Structures are given as C-alpha cells and as structure tokens.
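Working notes, structure below.
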2 protein chains.
Amino acid sequence: MNATATIDLQRASQLLKLLGDPTRLTMMKLLKSHECCVCEFVEIFKMSQPAISQHLRKLRDIELVKEERRGQWIFFSINESHEDYPFIKSILEHLPNQNESITELEVQGLRVCCE
Amino acid sequence: MNATATIDLQRASQLLKLLGDPTRLTMMKLLKSHECCVCEFVEIFKMSQPAISQHLRKLRDIELVKEERRGQWIFFSINESHEDYPFIKSILEHLPNQNESITELEVQGLRVCCE
DNA sequence: TCAGTATATAACTATATGCTTATACACGCA
DNA sequence: TGCGTGTATAAGCATATAGTTATATACTGA
C-alpha cells in the first residue's frame with residue numbers, strides 16, 4: 001500500500017521545527033544543489049558569523065548536513081545518507097531554487113573555491 | 001520542468017514552524033482522514049482543553065483547518081482548498097496514520113457523533 | 001613565529017512559545 | 001430561565017529560541 005516509509009511523528013516534528021526557520025530552510029535549499037562555506041552564508045543572509053554558525057550547528061547536530069574542512073574553510077553539504085533524507089527532499093522540492101544567491105556571490109567575486 | 005508550484009520560502013517556513021510541534025502535526029494527520037472536535041483531541045492528547053484550543057486556533061489562523069459548529073460541538077477538518085494544501089499533503093503522507101487514536105476513542109465510546 | 005582570516009563557542013538578552021488557571025461565551029435541554 | 005456541557009479567550013509563567021558581543025581555536029602564509 002504505502003510505497004514510502006513513514007517517519008515517527010516525534011521525529012518528523014523535530015525535523016519540521018528545524019526547517020521552520022527561514023534562514024535554515026533557505027540554507028537547506030541552497031545546500032541541496034551547492035556546497036557552501038560559512039562566510040558565503042554570511043554574505044547571502046547578511047547575518048553575523050556566529051548567527052550563521054549556530055544555525056549550521058543545529059542542522060549538523062541532527063546530521064542533516066555534513067561538514068568538511070578544506071584549508072581555512074569549512075564546507076557544508078547536504079547529508080543525502082540521512083535516514084530521513086527522502087522526507088527532507090520532498091519538502092525542499094516544493095521550494096523555489098536559490099541559484100540567484102549563488103550567482104550573485106559569483107558576480108561579486110565572493111564565491112569561495114579552493115581547488 | 002517543474003511539475004509542482006513552488007512556495008515562497010517565508011511562507012513555507014511559517015507553515016513548517018506550525019507543523020513543527022508534535023501535537024499540531026498529529027492533529028493535522030488525524031484531521032486528514034477524520035473530522036474531530038475539541039473534546040476528542042482533549043482525550044487523544046491527554047491535554048487540557050485550553051491547550052488544545054490554542055493549538056487549533058493557530059492552525060485555523062492560517063486556515064490550514066476549517067471549523068464548523070454542530071450543536072454544542074465545533075468540528076474541525078482539513079482545509080483542502082488551502083493554496084498550500086499540496087505542500088501540506090505531501091508532508092502528511094510521510095507520517096504513519098493515526099487511526100488507532102480514533103479507534104480507541106470509539107472503543108471507549110468517546111467518539112463524538114452528532115447525526 | 002606572528003599576523004590575518006575563517007570558524008566555533010560562551011555568555012547574555014529580548015522575544016516567542018506552550019502550557020497553566022480563571023473566566024467568558026454559546027448551545028441544548030429541563 | 002437556569003444549569004450543564006463544550007469551547008474560546010485572557011493573563012501569567014517557565015522555558016525555548018535566535019540574535020548579540022566577546023573570545024577561543026584552527027589554518028595559511030610571510
């Protein structure tokens with residue numbers, strides 16, 4: 001009957017609560033198609049570095065995102081292996097893509113690239 | 001390309017925030033298949049009547065649910081005409097159904113029926 | 001080794017949230 | 001009309017949340 005696995009309600013509400021913040025939700029949508037580092041988010045959201053860092057920590061604490069240090073920078077990316085990723089993905093698919101933010105960064109020469 | 005309409009990020013985060021509470025999320029899942037009145041929710045959630053009422057008000061304020069008075073009771077139901085209902089629906093579909101709560105009510109003779 | 005840059009963490013603060021209790025309102029029925 | 005039942009609202013309180021500033025940590029390159 002049910003093609004997709006269901007998520008425990010407690011768990012689901014925890015995830016939704018985390019996504020119920022415009023900054024974190026936008027971060028997740030961005031990360032779905034682009035790796036980003038903290039300083040890029042600071043630019044995109046015009047928000048202080050600690051504020052960004054704390055949002056990312058919440059996303060990382062429940063392992064929705066992964067981090068990887070490359071030199072000075074720490075890059076964040078979506079954790080597609082997350083048990084509940086299909087759920088997250090289905091939510092993100094309803095959101096408008098945020099490619100403009102990335103394009104804008106590139107135009108301003110603020111996109112971080114370390115290869 | 002995109003088969004489904006997208007939702008403004010601010011709007012989406014507002015909806016997710018509301019669903020990011022286990023009581024309200026469960027209410028929505030229940031209401032998706034059953035009309036319920038306040039006193040039934042009080043039974044199901046073992047929560048005070050004002051607490052239930054306040055959760056329902058939040059859901060009603062953004063028109064996720066409709067209410068209809070029938071005699072002494074006020075019945076709540078999902079508002080399928082809501083502009084963002086497809087989004088809501090896709091979320092609820094990932095959740096385990098809550099029919100047991102309803103069955104339990106019926107067994108205890110607490111299911112309200114006014115016809 | 002030291003300065004500069006990127007990030008994390010701690011401590012604090014203002015506001016939001018979810019409950020409680022008390023009370024008001026609405027309906028049905030004797 | 002008055003009482004019982006169902007629901008809503010108001011006010012208060014404890015906790016959670018999201019930001020701030022200050023500071024610590026980690027890496028790079030001179």
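From a predicted model like this one, the values you see are computed outputs, not experimental measurements. Side chains are part of it too, since the values below use all heavy atoms of this structure and drop only hydrogens, waters and symmetry mates.
- C/dT7 atom P lies 16 Å from atom CG of A/L59, rounded to whole Å.
- Residues A/F45 and A/M27 share a closest heavy-atom pair of CE1-CG, 3.7 Å.
- The nearest whole Å value for the distance from the CZ atom in A/F45 to the P atom in D/dT20 is 14 Å.
- The side chain of A/S53 contributes no N or O atom lying less than 4.0 Å from OP1 or OP2 of C/dT7.
- For the pair B/R57 and D/dA8, the criterion of a side-chain N or O lying under 4.0 Å from OP1 or OP2 is not met.
- Between B/K58 and the phosphate of C/dG18, there is a side-chain N or O to OP1/OP2 separation shorter than 4.0 Å.
- As rounded to whole Å, 20 Å separates atom P of C/dA26 from atom CZ of B/F75.
- Nucleotide C/dT17 holds its P atom 17 Å from the CE atom of B/M47, rounded to whole Å.
- Between A/C39 and A/V112, the closest side-chain pair of non-hydrogen atoms falls below 4.5 Å.
- For the pair B/R70 CZ and C/dG28 P, the computed distance is 13 Å after rounding to whole Å.
- Under 4.0 angstrom from either OP1 or OP2 of D/dG19 there lies at least one side-chain N or O belonging to A/H55.
- For A/E40 and C/dT5, the CD to P distance is 17 Å, given to the nearest whole Å.
- The main-chain N or O of A/Q49 is never found under 3.5 Å from a side-chain atom of A/S53 such that the two would form a donor-acceptor pair.
- If you check every strand for non-hydrogen atoms under 4.0 Å, A/F76 touches sugar and phosphate atoms only.
- Residue-to-nucleotide proximity on DNA chain C shows that, of A/L56 and B/A51, the 5′-proximal contact is made by A/L56.
- Atom CH2 of A/W73 and atom P of D/dT25 are 23 Å apart (whole Å).
- Of the two residues contacting DNA chain D, namely A/G20 and A/P50, the nearest-nucleotide position lying further toward the 5' end is that of A/G20.
- A donor-acceptor contact under 3.5 angstrom links the side-chain atoms of B/Q49 to the base of D/dA8.
- Between A/R69 and the phosphate of C/dA6, there is no side-chain N or O to OP1/OP2 separation shorter than 4.0 Å.
- Contact between the side-chain N/O atoms of B/K17 and the OP1/OP2 oxygens of C/dT17 is found at a separation under 4.0 Å.
- Between A/E43 and A/K46, at least one side-chain N (NZ, or NE/NH1/NH2) sits under 4.0 Å from a carboxylate O, which counts as a salt bridge.
- For A/E93 and A/K29, the salt-bridge test fails: no basic side-chain N is under 4.0 Å from an acidic carboxylate O.
- Proximity note for A/T23 (side chain, C-beta onward) versus D/dT21, C/dT7, D/dG19: the nearest is D/dG19.
- In this structure, A/F41 atom CZ and C/dA6 atom C1' are separated by 15 Å, rounded to whole Å.
- The main-chain N or O of B/R24 is found under 3.5 Å from a side-chain atom of B/D21 such that the two form a donor-acceptor pair.
- Evaluation of atom-type donor-acceptor distances gives no pair under 3.5 Å for the side chain of A/Q72 against the base of D/dT28.
- Sequence order on DNA chain D of the closest nucleotides to B/V38 and B/Q54 puts B/V38 first from the 5' end.
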